[in-house]
There are 2 protein chains.
Amino acid sequence: MRVVLDGDRLPDPVPAGEYETCPVTDVLRRLSDKWTLLLITLLGRRPYRFNELNRAVEGISQRMLTRTLRTLESDGLVEREVFGTSPPSVEYRLTPLGVSLLEPLSALAGWAVDHQAEVADARRRLA
Amino acid sequence: MRVVLDGDRLPDPVPAGEYETCPVTDVLRRLSDKWTLLLITLLGRRPYRFNELNRAVEGISQRMLTRTLRTLESDGLVEREVFGTSPPSVEYRLTPLGVSLLEPLSALAGWAVDHQAEVADARRRLA
DNA sequence: CTGCATCCGGGCGGATACTG
DNA sequence: CAGTATCCGCCCGGATGCAG
């Protein structure tokens, strides 16, 4: 899906088939897996070490913490710094690109908060 | 995850366990399934009939078109109008709530478009 | 402390066939 | 035209065990 933004105009979808390469769908799918948003939000506050994240995000498995961080890293949103201390320690922080994502993400978060009651009502009505 | 927004401050995550009820994660997970964004974008332009969508969104299965529309409907983002003509015809359109989502969604879409090259570069580098 | 390897259940989403 | 029903493969994500 190709996207054209001019002024307040909305993204302009193409019949698709190209939709796989749509950067908007792409970023949405990445952000939406179970722990990504939470990790981005945490790392938006300050850098964290691995086990610090593991404790801060109650309920996450080590496997998914590693996987999610690796994905964020390979997308250029998070960077990893290894300290060769003993015991070793690794620090994760948002890259400038990651920081730049916080603003539009906050806009969407704001919508979710402002309208959660309406969504909840709609669900109850059509349950 | 509870969320607190004051001014430019970012969503404020709580250790989680509550994260399941976080409205932000909730909306992100809904928006991010395969066809939702594309359908919202299309319906943001004008109302569509069922088969019109089926043809416009090349590659979608009838099953997923129905499922996605039903979910959007039960979330209060889309409304369904049935015309008892023969053959019958059904029209789908965004609700006011759905329309209100377009703006923050466009913000995120804009980010995705503006930074897609950086993300692509990062992926190539760490492939 | 910071991971990787393996196994496994559940849900997303495609294909196909059938209906009012 | 606008769906429903069924089957099925795949990948997300949890649990557990092992390693540098």
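Given the structure is predicted, the values throughout are model-derived calculations rather than measurements. Each chain gets a letter, A, B and so on, in the order the sequences are listed, and its residues count up from 1.
The residue from B:Thr36, B:Asp75, B:Thr71 that alone fulfils the side-chain hydrogen bond (donor to acceptor under 3.5 Å, both in side chains) condition with B:Arg30 is B:Asp75.
The interatomic distance linking B:Glu52 (CD) with D:dC1 (C1') rounds to 12 Å, in whole Å. Rounded to whole Å, atom P of D:dC1 lies 16 Å from atom CZ of B:Arg80. Distance CZ (B:Phe50) to C1' (D:dA2): 6 Å, rounded to an integer number of Å. Rounded to whole Å, the distance from CG on A:Leu53 to P on C:dC1 is 13 Å. Rounded to whole angstrom, the span from the CD atom of A:Glu91 across to the P atom of C:dT2 amounts to 10 Å. One can place CG of A:Leu37 at 13 Å from P of D:dG13, the figure rounded to the nearest angstrom.
Between A:Leu37 and A:Leu105 the shortest side-chain heavy-atom distance falls below 4.5 Å. Contact annotation: the side chain of A:Glu81 never approaches that of A:Val90 to less than 4.5 Å [non-hydrogen atoms, C-beta and beyond].
Legend: residues meeting salt bridge (Lys or Arg N to Asp or Glu O under 4.0 Å) with A:Glu118, ordered by chain and number and at least two apart, are absent. Looking at residues two or more places apart in sequence or on another chain, you find no side chain to side chain donor-acceptor pair (under 3.5 Å) involving B:Thr66. Every salt bridge (Lys or Arg N to Asp or Glu O under 4.0 Å) that B:Asp121 has, sequence neighbours left out, goes to B:Arg124. Residues passing the side chain to side chain donor-acceptor pair (under 3.5 Å) test with A:Thr68: none are found, sequence neighbours excluded.
Rounded to 10 degrees, the angle separating the terminal helix axes of the helix from C:dC1-D:dG20 to C:dG20-D:dC1, each built from five base pairs, is 40°.
A:Asp33 comes within 4.0 angstrom of sugar-phosphate atoms only, judged by non-hydrogen atoms across all strands, and of no base. Among the protein residues, B:Phe83 comes within range of no part of the nucleic acid, since none of its heavy atoms lies under 4.0 Å from any strand.
Salt-bridge check for A:Asp33 with A:Arg67: failed, with every basic side-chain N at 4.0 Å or more from each acidic carboxylate O.
The heavy-atom pair separating B:Pro104 from A:Ala107 by the smallest distance is CB-O, 3.7 Å.
Non-hydrogen atoms lying under 4.0 Å from DNA chain C are contributed by B:Ser61, B:Arg63, B:Met64, B:Arg67, all within residues 61-71 of chain B.
Contact annotation: A:Tyr92 does not reach the phosphate of C:dC1 (side-chain N/O to OP1 or OP2, under 4.0 Å). The shortest distance between the side-chain N/O atoms of B:Arg29 and the OP1/OP2 oxygens of D:dG13 is below 4.0 Å.
The A:Val90 side chain lies nearest to C:dT2 when the options are C:dT2, C:dG13, D:dG14.
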